[in-house]
There are 2 protein chains.
Amino acid sequence: MGRKRLQESVDGRPTVHTVAARAGVSIASASRVLNGVGGSPETIRKVRAAAAEVGYVPNAIARSLQSQRTGQIALAVEDIGNPVYVAMMRAIEAVVASSGRQLLVHATGGQIANETALLRRLAHRYVDGLILSPIRITEEHLVALADSPVPVVVIGQLPPDTPVDNVRTDSQAGVALAVDHLVAAGRRRIGFVNGPLDTVPGAARDAGFRAALARHGIELDERLLEVGDFQYAAGRAATKRLLARARPDALVCANDLIAVGALHALLVAGHRVPGDVALVGMDDTELASMVLPSMSSVSLDATERGRIAAQLLLERIDDSSLPPRRITIAPHLVVRDSSPTPDGRAKQWA
Amino acid sequence: MGRKRLQESVDGRPTVHTVAARAGVSIASASRVLNGVGGSPETIRKVRAAAAEVGYVPNAIARSLQSQRTGQIALAVEDIGNPVYVAMMRAIEAVVASSGRQLLVHATGGQIANETALLRRLAHRYVDGLILSPIRITEEHLVALADSPVPVVVIGQLPPDTPVDNVRTDSQAGVALAVDHLVAAGRRRIGFVNGPLDTVPGAARDAGFRAALARHGIELDERLLEVGDFQYAAGRAATKRLLARARPDALVCANDLIAVGALHALLVAGHRVPGDVALVGMDDTELASMVLPSMSSVSLDATERGRIAAQLLLERIDDSSLPPRRITIAPHLVVRDSSPTPDGRAKQWA
DNA sequence: CAAACTCTCGGAAACGTTTACAGCAATGGG
DNA sequence: CCCATTGCTGTAAACGTTTCCGAGAGTTTG
């Protein structure tokens, strides 16, 4: 009994001690064999046999404590229901899994308190690194990022010279792509349904929209601007408000969820899309091709951003002396049926 | 230097030794104070001060090793992009987070190999419990479940008498609800677009559909049956095939993704919904109210299933002697615009 | 044939916690 | 005034690994 206590873990499962005793070798030898480093043929045989007989599985926690690695990566996004984050998550999970690690998912709800709390919790070292995609960036974030005890990669805009690995996209240029496309098709009364202006993407897209109109010499009509959350329901409501006071001939939306809401509002109000009002979303999520008419959308390549972010993180975990890197992904426009084709014609059935 | 090595962790961060030394007490006393158990007022003051000064944060891994608890829960679903799993995940994450734990997400892709590998990996004890929502159940699953080293809760059908906590829904009855609804509205040529028949939900829904038709004395026309993956694209393709050879006046779909695909195929083919063909999806995801016309759908209450599964798991973690529990959630029909209202009339504009 | 290497092995320390146990002082009751 | 109780404290063991180090055996080299 006393002897057994020394060999089995507290819940009766075999430990390296069990295996070693059964094979008649020391735990050091057993451990070496089990990790495939060293051991004479005879020892290897005995240890492997013993391990198989008792069904030994190493304890990940104990291993982590010793190796100072958890084999876990955390991902924190605002809303795991947004298809753009789903795409990102899929890409990240693929990279993470292929490196033999696991992915932890946190939903922050966009709350700053949640995010900084999460950053602080990293000090517990339950994870080897974090991929964070914040929707707002505060001074608190920057401080917390600066003395984060584990590597963090941020997906999204960060102030210049923040010494943090960073994957971003130029959503300002993305909005410009949408506007250019619509102007080229002869639309002039272009509306914009945005997310909250106090978010980083919201502010960038607002600036992008204004700049693009200015570049085309179109005067901005403030009645064509609306703001809501980055959600379907908010997009639908915002569009309804906008339509109640103005007559756009095109609508740009700050993401696809908003755009689907806008599409719904437009069709319910009896507008033809793209005949009366052309529509361009943003993020190019799966949603864009699910709806009818299928939606043009500016792709910010969430999959690619996720993949790169994961790779950057793994690289930094392996070598913390790397200089901070900043990767920018260029947006591109995917034209579908909700906006006029390049030759200016709308599909006949719409 | 030698002294320092004893007080700080290998990467220079403070440990309980650091705090203890700084406060001039033993590590035992320090640990006790930090855990809020015992300590004289003076000791408490000194330790708290020392901890604050050095910015001490306990190491979660070391704590886990000692306490035999990781504070982590894993969730494994087929496809994190399916909105039904998103809803489930949201509910689970809420429960898990409010118990102070964290959620790990695994995407299995429905691969049996992945799932059994995952079950085996539980032996590494990196997590306190698992919520598994398998789409297929094999003998391998049952064996792996039987000797899982940590508690597992399964969401989905399980053979009777499997001694595993289980949250399920009666999707067979769910399909019946849809069929009853359509028959009551006078539809007779009811088609069914299902997922793979070798999956548990696929088989159940197939059986449910056949039984429901039989109950109404409607002879089954095999040409009105189609099968694909539980995905949007597959649903769209399957519906296209079905429409090429038959003229249904209603369509039941095995989930909302398939249903949105079917809706797309129907509208593109020029059918009016629900005028020519009524449509009922299943799962009642957010998607259902995003599309136009908004989709009737049989709710299997994924949110509730997720919430309950998480609670069952937490209970079992706290008390492994509990008898296996099986909770069944009743489905209910949510009628929207894609199927006739109870009085048999379709909305005028469709 | 001695010296220098190369392998393999086991003991023991380490990773950073929590906690059983025993010692000790102070307190209260008889 | 003594003893039992209470409340703190520190020492040391434990959680289950990996790995450093020194010892011994066998092999090569000069």
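Proteins come first, then strands; the chains are lettered A, B, ... in the order of their sequence lines, and each starts at number 1.
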* Structure fact -> Assign each of B/Ala28 and B/Gln68 the nucleotide of DNA chain D bearing its closest heavy atom; nearer the 5' end lies the nucleotide of B/Ala28

* Structure fact -> From the candidates D/dT19, D/dG10, C/dT17, the one with an atom nearest any side-chain atom of A/Ser31 is D/dT19

* Is there a donor on the side chain of A/Arg32 or the base of C/dG10 sitting less than 3.5 Å from an acceptor on the other? -> yes

* Asked: At under 4.0 Å between heavy atoms, what does B/Ile27 touch on the DNA or RNA strands: base, sugar-phosphate, or nothing?
  -> base

* Asked: B/Pro58 or A/Pro41: which one's nearest nucleotide on DNA chain C is closer to the 5' end?
  -> A/Pro41

* Structure fact -> Which of C/dG10, D/dT17, C/dT18 is nearest the side chain of A/Tyr56? It is D/dT17

* **Any side-chain donor near an acceptor of the partner, A/Arg101 and A/Ser99, under 3.5 Å** => yes

* For B/Ile61 and D/dT18, give me the distance from atom CD1 to atom C1', rounded to whole Å. => 15 Å

* Just call it for B/Ser40: base, sugar-phosphate, or nothing, with non-hydrogen atoms closer than 4.0 Å on any strand. => sugar-phosphate

* Can you tell me how far P of D/dT18 sits from CZ of A/Arg63, to the nearest Å? -> 5 Å

* Is B/Glu42 salt-bridged to B/Arg45, cutoff N-O under 4.0 Å? -> yes

* Asked: Starting at NE2 of A/His124 and ending at P of C/dT17, how long is that distance when rounded to a whole Å?
  -> 10 Å

* Any salt bridge between B/Arg69 and B/Asp318, counting N to O under 4.0 Å? -> yes

* Structure fact -> With the side chain defined as heavy atoms from C-beta on, A/Leu65 is closest, among D/dT17, C/dT17, D/dG16, to D/dG16

* Could you state the atom-to-atom distance from CD1 of B/Ile44 to C1' of D/dC8 in whole Å? => 11 Å

* To do: Tell me which of B/Ala62 and B/Val37 sits closer to the 5' end of DNA chain C, going by the nucleotide each one is nearest to.
  => B/Ala62

* Asked: Any idea which heavy atoms bring A/Leu104 and A/Tyr126 closest together, and the distance?
  -> CD2-CE1, 3.9 Å

* **N-O pairing of A/Arg326 and A/Asp161 below 4.0 Å** => no

* Asked: Rounding to a whole Å, what distance do you find between B/Glu42:CD and D/dC8:C1'?
  -> 13 Å

* Structure fact -> Between CG of B/Asn35 and C1' of C/dA20 the distance, given in whole Å, is 15 Å

* **Nearest-Å distance for atom pair NE2/C1', residues B/His17 and C/dT18** => 12 Å

* Nucleotide D/dT17, atom P - distance to OH of B/Tyr126 in whole Å -> 17 Å

* Base, sugar-phosphate alone, or nothing: which one does B/Val57 contact when heavy atoms must sit under 4.0 Å apart? -> sugar-phosphate

* Between A/Asn59 and D/dC15, is there a side-chain N or O to OP1/OP2 distance below 4.0 Å? -> no

* Please determine if a side-chain N or O atom of B/Ser26 lies less than 4.0 Å away from the OP1 or OP2 oxygen of D/dT9. => no

